[in-house]
Amino acid sequence: MPEVETIARGLRKFIIGKQIVDVELSGLPLRRPVAETFARTLRGHKVRRIHRRGKYLILEMEPLSYCLVHLGMTGSLCYPARATDVAAHIHARIRFSDATELHYRDQRRFGLLAAYELSRLREIPELKRLGLDPLDPKIDLDRFWQLLRRSKQEIKAFVLDQKKIAGVGNIYASEALFHARIHPARRCSTLTREDARRLLRGIRTALRAGLRHNGTTFSDFIGADGEPGAHQRYLRVFQREGERCRRCRSRIRRSRQGNRSTFFCPRCQS
DNA sequence: GCATTACCCTGAAAGC
DNA sequence: TGCTTTCAGGGTAATG
C-alpha cells in the first residue's frame with residue numbers, strides 16, 4: 001500500500017484537471033481482460049480527484065466515472081510518458097489533451113484496469129469487498145479484537161486478508177508482526193486484547209515507515225515519477241533471512257505460509 | 001461458510 | 001554452455 005499511496009501522491013501533482021482524449025490498450029488480458037468499454041468510459045473525461053482504497057488506486061473523473069487501477073505485483077504508472085517508450089509490457093496508454101501521456105506497464109499482468117460509471121466510489125464492486133483501513137484513526141480497538149478472535153486463521157494470513165484489513169501486502173505483514181512481537185503462525189483466536197493493540201500499532205508503524213521512504217523497491221516498483229522507493233534499506237525482517245535481528249541480534253528466520261514467504265525473529269516473536 | 005490451495009504471469013537465478 | 005526448474009507474490013476460483 002505505501003507503494004500505491006506514493007504513486008497516488010505523485011500523480012496528484014501532475015494529472016489533476018487533465019482531459020483524456022484517447023486510450024490505447026495492448027489487448028492482452030491482465031488479471032482479467034480489460035473491458036471493451038474501458039476506453040469509451042474514460043474518453044473525453046477530466047481527472048478530478050485521485051483516491052486510494054487498500055491497494056487500489058482510483059481516478060475520479062468528470063463527468064462522474066471512476067477508473068480503477070490495481071498494480072498487482074509488477075504494475076507501474078508512468079507520467080509523463082512518451083509515445084516512443086519501448087512498448088514492452090505497456091498495456092494502456094492514456095493520452096491527455098495537452099499531448100502528454102500516462103502509461104500503465106505491467107510485466108506479469110497480475111494487475112487490473114477497470115472503468116465504472118457509478119455515482120459513488122463505494123459502489124465499485126472491488127472496493128465493497130475490502131476490510132478495515134488500518135490507517136483510519138477511528139478504528140475501535142475492541143471491534144478489531146473481536147474481529148481477530150472470531151477468526152481461525154493464522155495471524156499472518158489474517159493481516160494479508162484484504163477482506164479483513166485492506167492494504168497490507170507481504171512485506172508489510174512480516175514487518176508489522178515484528179513490530180507487534182507476534183509470531184506469524186499464531187492463531188488469531190488466541191490473541192489477547194493487548195496483542196490486538198500492539199498488532200494495530202505494528203501495522204500502522206510498518207505502513208507509515210514504508211510511506212516515509214516512498215515504498216519498497218526490490219526489483220519492480222517505481223513511483224509515478226520513475227523513482228524507486230528506499231524502504232528496503234530500513235526493513236527489520238523481510239528478505240533478511242540469516243541476518244541479525246536489529247533488536248536482539250538473533251538470526252532472522254524464514255518460513256512459508258500459504259505459498260508465501262514469511263520472515264520473523266524467533267526470539268522477539270515467540 | 002470458512003480456511004486453505006492452486007493458479008495466472010514473466011524473468012531472474014539456481015540447479016543440473 | 002545451455003536447458004529446465006524454481007521462485008517471487010497480487011487476488012481469487014476451486015477445493016477441502
Side-chain angles (χ1 to χ4, degrees), chain A residues 1-8 25-35 52-58 68-77 86-92 104-114 124-134 146-177 184-191 203 206-207 210 215-222 228-229 231-232 235 237-242 252 254-264:
Chain A
M1 180 257 261
E3 293 69 29
V4 182
E5 180 62 28
T6 297
I7 290 172
L25 300 170
S26 71
L28 290 171
L30 303 177
R31 180 195 308 169
R32 57 173 198 246
V34 181
R52 180 194 56 75
R53 292 280 187 278
K55 302 176 193 173
Y56 288 95
L57 190 76
I58 309 111
L68 186 72
V69 182
H70 194 292
L71 303 172
M73 285 290 300
T74 54
S76 63
L77 285 165
V86 182
H89 309 303
I90 294 177
H91 298 292
Y104 175 78
R105 190 186 287 268
D106 189 355
Q107 186 184 90
R108 278 153 76 178
R109 291 161 36 210
F110 281 14
L112 175 77
L113 291 177
I124 295 174
E126 286 84 354
L127 304 187
K128 282 185 185 172
R129 290 193 273 267
L130 297 180
L132 295 170
D133 174 355
Q146 293 310 319
L147 188 66
L148 275 167
R149 291 215 302 176
R150 279 199 301 272
S151 170
K152 290 173 189 161
Q153 287 171 293
E154 292 182 347
I155 186 60
K156 169 81 177 326
F158 180 97
V159 173
L160 281 175
D161 185 344
Q162 304 298 303
K163 296 188 294 299
K164 305 276 174 44
I165 304 172
V168 184
N170 202 39
I171 296 172
Y172 299 97
S174 281
E175 295 292 299
L177 289 168
R186 201 75 183 265
R187 290 283 159 186
C188 293
S189 52
T190 69
L191 295 176
I203 291 170
L207 292 176
T216 308
T217 297
F218 283 112
S219 57
D220 299 304
F221 169 73
I222 50 168
H231 189 53
Q232 61 281 5
L235 295 171
V237 290
F238 193 81
Q239 291 260 307
R240 295 192 65 236
E241 183 185 16
I252 300 299
R254 170 191 185 135
S255 64
R256 285 191 85 75
Q257 289 178 284
N259 259 334
R260 225 141 275 187
S261 286
T262 296
F263 299 83
F264 65 102

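Just so it is clear, the values below take in all heavy atoms, side chains as well, and ignore hydrogens, waters and symmetry mates. Letters A, B, ... mirror the listed sequences (proteins, then strands); counts begin at 1.
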Which part of the nucleic acid, if any, lies within reach of [X] when heavy atoms closer than 4.0 Å are counted: base, sugar-phosphate only, or nothing?
X      : answer
A:R187 : sugar-phosphate
A:R256 : sugar-phosphate
A:G111 : nothing

- Would you please classify the geometry between the A:H91 ring and the A:Y104 ring as parallel, tilted or perpendicular, with 30° and 60° separating the classes?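 The arrangement is tilted - the two ring planes meet at 30° to 60°.
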- Message: So for A:R108 and B:dG11, does any side-chain atom that can act as donor or acceptor lie under 3.5 Å from a complementary atom in the base?
- Response: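 It does not, because no donor-acceptor pair links the side chain of A:R108 to the base of B:dG11 below 3.5 Å.
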Take the protein atom [atom1] of [X] and the nucleotide atom [atom2] of [N], then report the distance between them rounded to whole Å.
X      : N      : atom1 : atom2 : result
A:R31  : C:dG10 : CZ    : P     : 11 Å
A:R32  : B:dC7  : CZ    : C1'   : 17 Å
A:L160 : B:dA3  : CG    : P     : 14 Å
A:E154 : B:dC2  : CD    : P     : 18 Å
A:F263 : C:dG9  : CZ    : P     : 7 Å
A:F110 : C:dA13 : CZ    : C1'   : 14 Å
A:L30  : C:dT12 : CG    : C1'   : 15 Å
A:K156 : B:dT5  : NZ    : P     : 13 Å

- Message: Quick check with a 6.0 Å cut-off and a 45 degree axis cone: is A:R108 positioned over the face of A:F110's six-membered ring?
- Response: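 Ring-cation test returns yes.
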Are OP1 or OP2 of [N] and a side-chain N or O of [X] less than 4.0 angstrom apart?
X      : N      : answer
A:R129 : C:dT12 : yes
A:R109 : B:dT10 : yes
A:H89  : B:dT10 : no
A:N259 : B:dT5  : no
A:S261 : C:dC7  : no

- Upstream residue (5' side of DNA chain B) when A:R260 and A:Q153 are each assigned their closest nucleotide: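 Upstream on the strand: A:Q153.
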- Task: Apply salt bridge (charged side-chain N to carboxylate O under 4.0 Å, His left out) to A:R187 and list each qualifying residue two or more places apart in sequence or on a separate chain.
- Result: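 Expected list: A:E154.
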- Message: How long is the straight-line distance from CG of A:L130 back to CD1 of A:I165, given to the nearest 0.5 Å?
- Response: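 A:I165 atom CD1 to A:L130 atom CG measures 12.0 Å (nearest 0.5 Å).
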- Query: Quick one: CD1 on A:I7 to CG on A:L71, what's the gap to the nearest 0.5 Å?
  - Reply: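 Nearest 0.5 Å value for the CD1-CG distance: 4.5 Å.
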- Item | Residue A:M73, side-chain heavy atoms: nucleotide from C:dG9, B:dA3, B:dG11 that is nearest |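 Of the candidates, C:dG9 comes closest.
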